Amino acid sequence: MHIIRRRGWEMPESQATPEHIFLNRRTLLAGAAAMTAAASLPRKANAQEDPTAGLYPAKRNEKFALDRPLTPENISSNYNNFYEFGGDKQIASRAQMLKTRPWTIKIDGMVEKETTVGIDDLIKAMPLEERLLRLRCVEAWSMALPWTGFPMSKVVAFAKPLSKAKYVRMETFLDTAMAPGQRSSFFYPWPYVEGVTVEEANNELAFIATGIYGKPLPKQFGAPIRLLLPWKYGFKSLKSITRVTFTDQRPKGFWEALQAREYGFWANVNPAVAHPRWSQATEEVIGKGDRVPTLLFNGYGEFVADLYKGMEKEKLYI
Ligand SMILES: Nc1nc2c(c(=O)[nH]1)N[C@H]1C(S)=C(S)[C@@H](COP(=O)(O)O)O[C@H]1N2
Ligand SMILES: [Mo]
């Protein structure tokens, strides 16, 4: 402890060590040991809660450059869609009820071998990188966020799907005790489900995030692991994944199950195709208050446009 070695001239007179403490050096040392133990307790508890915390921040992948400033953390972490915790944007404090350890992800369906993997084992086996990405909500607002995670193709490789698997169906937890929205909106088709084709999952832009702003995901962002499909409307990017199923059946997403006319399977961003109830031509940049034009595929056409060649008959944009 530095206190003992510190000299009088290093501190204001009022804090200079009184003589009786030197006389009780033993007591002081015992007290210091107790303090050290107490100080290390919370840190130990945190490490137990999230053993991957030391992996952040990860190196940035410069390939994913932004055309706009990042959304400040205090804004993005207080404006979230996470219906498991309520239908409003201010779910951040309620989302702290989400218990993220222990956490397992079941991988099943058309795979070589069904398995259940622990979140920390999975994260440690993956090459973490940072990507700055735009997020465009179907409600016509957007953010630009610094995610940490790994390509979804790594999950596909890990799962070893059979060649007859055409889709990846993903599920969020179902826990009415933990998630008030799953109780109050009991008529919604819980759990939250979304899906992509295996080809989309293998596109390099499909990303699995476990962190943001250089640290593990805060709960409201969909801890401990969520999907990001930056070229699609935000509702496709499901949070808090507990199950990944490979299948030959096109999965029906949560919003599609509720209102298929408004929220389809593909849901690629397109400013020229309006939502049945509002225009998608522009978006509100959250935190700035201004509106900017929305870009086809949210500006990521160079990565994904080829995926949809020859599919003109499909409803690609709702
Ligand atoms: N499980 C789950 N995932 C979800 C949602 C949700 O309500 N539940 N909302 C979606 C919608 S509509 C959007 S816009 C994004 C919001 O992500 P963010 O809060 O991290 O910005 O999460 C998506 N993923
Ligand atoms: Mo959204």
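Nothing here was measured: the structure is a model prediction, and the numbers come from that model. Positions are given from 1 along the sequence. Both ligands and their constituent atoms are indexed starting at 1 by order of listing.
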Peer 1: Only heavy atoms of Thr172, strictly under 4.0 Å: list the atoms of ligand 1 that pass.
Peer 2: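 Result: 1 (N).
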
Peer 1: Suppose I only count heavy atoms of Cys137 and a 4.0 Å limit; which atoms of ligand 1 are within that range?
Peer 2: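 Ligand 1 atoms under the 4.0 Å threshold to Cys137: 14 (S).
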
Peer 1: By the definition salt bridge (charged side-chain N to carboxylate O under 4.0 Å, His left out), identify the one residue from Arg291, Arg136, Arg134 that meets it with Glu283.
Peer 2: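 With Glu283 as partner, Arg291, Arg136, Arg134 yield a single salt bridge (charged side-chain N to carboxylate O under 4.0 Å, His left out), made by Arg136.
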
Peer 1: Taking the six-membered ring for Trp, is the centroid-to-centroid distance between Tyr213 and Tyr56 below 6.0 Å?
Peer 2: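 They do not qualify: ring centres at least 6.0 Å apart.
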
Peer 1: Could you check which of Tyr79, Tyr192, Tyr188, Phe82 puts a non-hydrogen atom nearest to atom 10 (C) of ligand 1?
Peer 2: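 Of the listed residues, Tyr192 has the closest heavy atom.
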
Peer 1: Give the residue, atom name and distance (to 0.1 Å) of the protein heavy atom nearest atom 3 (N) of ligand 1.
Peer 2: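 Going atom by atom, the protein heavy atom closest to atom 3 (N) of ligand 1 ends up being Lys239 N, 3.0 Å.
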
Peer 1: Any chance the rings of Tyr300 and Phe64 have centres within less than 6.0 Å?
Peer 2: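 For Tyr300 and Phe64, the ring centres are not under 6.0 Å apart.
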
Peer 1: Using the ring centroid of each side chain, check whether Phe235 and Tyr263 are separated by less than 6.0 Å.
Peer 2: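 Ring centres of Tyr263 and Phe235 closer than 6.0 Å.
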
Peer 1: Pick out which of Arg169, Lys113, Arg243 makes a salt bridge (charged side-chain N to carboxylate O under 4.0 Å, His left out) with Asp108.
Peer 2: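 That would be Arg243; it is the only one of Arg169, Lys113, Arg243 passing the salt bridge (charged side-chain N to carboxylate O under 4.0 Å, His left out) with Asp108.
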
Peer 1: Quick check against the 3.5 Å criterion: does Asn78 have a side-chain atom that pairs as donor or acceptor with the backbone of Asn74?
Peer 2: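 Yes, Asn78 side chain to Asn74 backbone: donor-acceptor pair under 3.5 Å.
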
Peer 1: Does Gly222 have a non-hydrogen atom less than 4.0 Å from ligand 1?
Peer 2: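 So Gly222 does not count as touching ligand 1.
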
Peer 1: What protein heavy atom sits nearest atom 7 (O) of ligand 1, and how far away is it?
Peer 2: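 Among all protein heavy atoms, the one nearest atom 7 (O) of ligand 1 is Tyr83 N, 2.7 Å.
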
Peer 1: Under 4.0 Å from any heavy atom of Asn80, which atoms of ligand 1 are there?
Peer 2: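 Within the 4.0 Å cut-off of Asn80, ligand 1 contributes 18 (P), 19 (O).
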
Peer 1: Taking the six-membered ring for Trp, are Phe254 and Tyr188 ring centroids under 6.0 Å apart?
Peer 2: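 Yes, close enough.
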
Peer 1: Could you check atom 21 (O) of ligand 1 against the protein and tell me its nearest heavy-atom contact, residue, atom and distance included?
Peer 2: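 Closest protein heavy atom to atom 21 (O) of ligand 1: Leu135 CD2, 3.4 Å.
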
Peer 1: Is it the side chain (CB and beyond), the backbone, both or neither of Arg226 that lies under 4.0 Å from ligand 1, heavy atoms counted?
Peer 2: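 Contact part for Arg226 vs ligand 1: side chain (C-beta onward).
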
Peer 1: Give a yes or no on whether the ring-centroid distance for Tyr233 and Trp255 is below 6.0 angstrom.
Peer 2: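 That pair fails the under 6.0 Å test.
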
Peer 1: Could you name the option among Gly87, Ser237, Pro218 that has the heavy atom nearest to atom 24 (N) of ligand 1?
Peer 2: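 When every heavy atom of Gly87, Ser237, Pro218 is considered, Ser237 comes closest to atom 24 (N) of ligand 1.
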
Peer 1: Heavy-atom pairs closer than 4.0 Å: do any link ligand 1 to the side chain of Met143, the backbone, both, or neither?
Peer 2: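 Within the 4.0 Å criterion, Met143 makes no contact with ligand 1.
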
Peer 1: Please identify which atoms of ligand 1 are closer than 4.0 Å to at least one heavy atom of Glu84.
Peer 2: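 Per the distance check, 1 (N), 2 (C), 6 (C), 7 (O), 8 (N).
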
Peer 1: Short question: side chain of Arg226, backbone of Phe221 - any donor-acceptor pair under 3.5 Å?
Peer 2: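 Confirmed, Arg226 side chain pairs with Phe221 backbone.
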
Peer 1: Has ligand 1 got any nitrogen or oxygen that is less than 3.5 angstrom from a nitrogen or oxygen of Trp255?
Peer 2: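 No; every N/O pair is 3.5 Å or more apart.
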
Peer 1: One residue to check: Asn81. Relative to ligand 1, which of side chain, backbone, both or neither has a non-hydrogen atom less than 4.0 Å away?
Peer 2: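 Asn81 to ligand 1: contacts from backbone and side chain alike.
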
Peer 1: Could you work out, for atom 15 (C) of ligand 1, the closest of Ser77, Ser142, Gly234 by heavy-atom distance?
Peer 2: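 The nearest heavy atom belongs to Gly234.
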
Peer 1: Atoms of ligand 1 less than 4.0 Å from Phe235 heavy atoms?
Peer 2: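 Taking each heavy atom of Phe235 in turn, ligand 1 has 10 (C), 11 (C), 12 (S) under 4.0 Å.
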
Peer 1: Which of the numbered atoms in ligand 1 are below 4.0 angstrom from a heavy atom of Leu238?
Peer 2: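 Atoms satisfying the 4.0 Å criterion: 3 (N), 24 (N).
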
Peer 1: For Phe221, take its heavy atoms, then give the atoms of ligand 1 lying under 4.0 Å from any of them.
Peer 2: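 Selected atoms, number and element: 20 (O).
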
Peer 1: Do the ring centers of Trp190 and Tyr83 come within less than 6.0 Å of each other?
Peer 2: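 No - the distance between ring centres of Trp190 and Tyr83 does not fall below the 6.0 Å cut-off.
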
Peer 1: Output yes when the distance from some N or O of ligand 1 to some N or O of Trp141 is under 3.5 Å, and no in every other case.
Peer 2: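 No.
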
Peer 1: Any donor-acceptor pair under 3.5 Å linking the side chain of Glu112 with the backbone of Ala159?
Peer 2: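 No; judged by distance alone, with no hydrogens or angles, the pair does not exist.
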
Peer 1: Are Phe297 and Tyr308 close enough that their ring centers fall under 6.0 Å?
Peer 2: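 Yes, the ring of Phe297 comes within the 6.0 Å limit of the ring of Tyr308, centre to centre.
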
